[in-house]
Amino acid sequence: MFEDLNPEQQAAVNHGEGPLLIVAGAGSGKTMTLAARVASLIERGTRPERILLLTFSRRASREMVSRAARLGTSDTGRVWGGTFHAVGNRLLRLHGLALGLTPDFTVLDQADGADVMNLLRDEHGYSARARRFPRKDTLAAIYSRTVNAGERLTDVVKRHYPWCLDEVEGIREIFRAYTERKRQQHVLDYDDLLLFWKALATSPATGSQLAQMFEHILVDEYQDTNALQADILEGMRPAAGPRNVTVVGDDAQSIYGFRAATVKNILEFPERFPDATMIKLERNYRSTPPILAASNAVIALSPQRHEKTLRPTRPGETLPILRACLDEAEQSDAVCRAVLEHREEGILLKAQAVLFRAAYHSDHLEVELARRNIPFVKYGGLKFMEAAHVKDALSCLRILENPLDEVSWFRVLQLLDGMGPASARRLMEELEVRREDDAHAASPLARFLDEPVAVPKGAAEGVRELRGALGNCLDADVLPPAGQLARLRTFLEPVIVRKYEAAASRLRDLEQLELLASEASSRGQFLADLTLDPPSSTGDLAGPPHLDEDYLILSTIHSAKGLEWDVVHVIHAADGMIPSDMSTGDDDEIEEERRLLYVALTRARDGLHVTYPQRYYRRP
DNA sequence: CAACGTTTTGTTTTT
DNA sequence: CAAAACGTTG
Ligand SMILES: Nc1ncnc2c1ncn2[C@@H]1O[C@H](COP(=O)(O)OP(=O)(O)OP(=O)(O)O)[C@@H](O)[C@H]1O
């Protein structure tokens, strides 16, 4: 069944009980090995639903599970696969009651969390001008780092946000209020999904029950997990019981430091799991020798590298191409030409990818591709969930799902004509959206629908319309999520036309949203899925027609993790782009940029083009 | 005082 | 290009 595997891969697949650490270089077949191991475990009698497979994205999880299925095991559908966050969400809905979490909680994404911070910043009087208090996104970022890295607030601020040092006490005050506010409103943010999972796993009352759910736990891309996630893993594999846990990673490919990921997790694995077996995969099955040599040369310059020698196994002599271009226009032209040349040689567009550091780096190229009728799908940097009108629609759904969700009320009410922040606040107070603990008063939504409310005269009409829309969604208890969105759309349409420009394309986004909703089984499920696995490519939104067409892949390097293409084009390989000028604060950041380039280069199988413009008209 | 329109600023990567 | 800050109108 696994005869193609090399001896080290075989050993990893066949490993029996006990902790296993697989240190695997780029293209050494770790994804394949992990999938084979899942298949093998099932073959050897482990029930699929007793296997937990943690990956860095839902997409990676699907890919891995389907690979395992192709290896001959049929029953992989029942494997618990997903990101730490998605699995946390699932476990907490099942077992959260032990921590006082009711299963009806809703999930905030990081922008929602920032909005809560903003509300609190106003309430606590930190928004006065003249005072330079951190902005909402900064607050959210600081908070997230303290939680995920398990570090003290003052240390985080000192290290990563030194300009906020004067306001540490205010920040602490906001954070305390933030935590309390989330509890009152039955909402969890991304960090809470991990935090509460850890609490569940390490609590004497529930820990062992949770650990016993899974016979085997496997974690992919372990170099990109953070301290909190390592704690969860340890909690799920207590020293007392059998410690069947497999982690796979490559410290040279650690690119999520900005999310508090740390290679310490790999390095310290043998200490946390003392009798761990360690297997190294050092044969690269992906790239031709010249491509691998170039990649190795890039990473060799890293002073913090852990020794690994990655040896090529494939033939090939074509050298990678480094092309200096006059400017961005010439770069786009060069890429288009190279792509088409390879296409002529028989390499499908789909087998080629253009990689870049930041989503906007491909703007110019996208125009050029469109002009030449070269179809493409772009991964990463999609601002769909960030778009105001999408948030508006989702906030309506979230009010229906969780009437205590303050930020959703605040956003939706301000859509109404004549209703600004002050009136919205007043109305929310009247509805008692914010209430002390679990008071048994009528839901704010019921009150809004049934009781007369005091609003500015100008806003009365808007309130009636909102009432109608929300009421209709609720009346028809059986109305599926897509139907609810359709009803809400009739309310939102005039609002969007009045409030935003480019209304037409925004309205199309709402139809898109409705399409996504039509696959969901319930409103709650839809909302959670969307926040835990947001659309990540333009293809996710364009729908299935793309499937049999051929199209070029454009992707951020982050979103290209774990993937491979016959030909890879890396653009904007210039100072200020890679490395990004946003990430030159300290050596660690710069080293991460180096690894980012390494990850980009190692995606290529047969052809590699690296280009950079020598001149930018707008400062980069 | 509150809503709304205009100017300025600041711009990565993702669960 | 979107959100914050500012200034004007209701
Ligand atoms: N034993 C093998 N024999 C032949 N080909 C192999 C073998 N193992 C892996 N491969 C091939 O090598 C390529 C890389 O494998 P895979 O994607 O699993 O690597 P990876 O370690 O996950 O890479 P990365 O860490 O860079 O994401 C795949 O095309 C896979 O089919």
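Proteins come first, then strands; the chains are lettered A, B, ... in the order of their sequence lines, and each starts at number 1.
The phosphate of B/dT14 has neither OP1 nor OP2 within less than 4.0 Å of any side-chain N or O from A/S536. A/S57 has no side-chain polar atom (N or O) that falls below the 4.0 Å cut-off from OP1 or OP2 of B/dT15.
Among the candidates A/D192, A/D191, A/D112, the single residue satisfying the salt bridge (charged side-chain N to carboxylate O under 4.0 Å, His left out) test with A/K182 is A/D192.
Taking 4.0 Å as the cut-off between side-chain N and carboxylate O, A/R159 and A/D588 do not count as a salt-bridged pair.
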Tabulate protein N/O versus nucleotide N/O from nucleotides 7-10 of chain B, keeping only pairs under 3.5 Å, one per line.
none

What N/O pairs connect the protein and nucleotides 8-10 of chain C at under 3.5 Å? Give each pair on its own line.
none

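Atoms CZ (A/R58) and C1' (B/dT14) sit 14 Å apart, rounded to a whole Å. In this structure, A/N118 places its CG atom 13 Å from C1' of C/dA5, rounding to the nearest Å. To the nearest angstrom, P of C/dA5 lies 13 Å from CZ of A/F133. In this structure, A/K457 places its NZ atom 11 Å from C1' of B/dC1, rounding to the nearest Å. Following rounding to the nearest Å, A/Y360 (OH) and C/dA2 (P) show an atom-to-atom distance of 16 Å.
Counting heavy atoms from C-beta outward, A/T55 and A/E221 have side chains that stay 4.5 Å or more apart.
Using cut-offs of 30° and 60° on the angle between ring planes, the pair A/H124 and A/Y126 is parallel.
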Dot-bracket pairing map - DNA chain B, Watson-Crick plus G-U, both contacts under 3.5 Å, | cross-strand
||||||||||.....
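Using a 4.0 Å heavy-atom cutoff across all strands shown, A/A86 reaches no nucleic acid atom at all. Contact annotation for A/Q110: base contact, defined as any heavy-atom pair under 4.0 Å involving a base atom. Counting any heavy atom pair closer than 4.0 Å across all strands shown, A/G418 reaches sugar-phosphate atoms only and no base atom. Among the heavy atoms of the strands lying under 4.0 Å from A/K136 are primed sugar atoms or P, OP1, OP2 only; no base atom is included.
Heavy-atom neighbours of A/R508 CZ from other residues, nucleotides or ligands within 6.0 Å: at or below the threshold of 12.
Between the side chain of A/R506 and the main chain of A/E501, a donor-acceptor pair closer than 3.5 Å is present.
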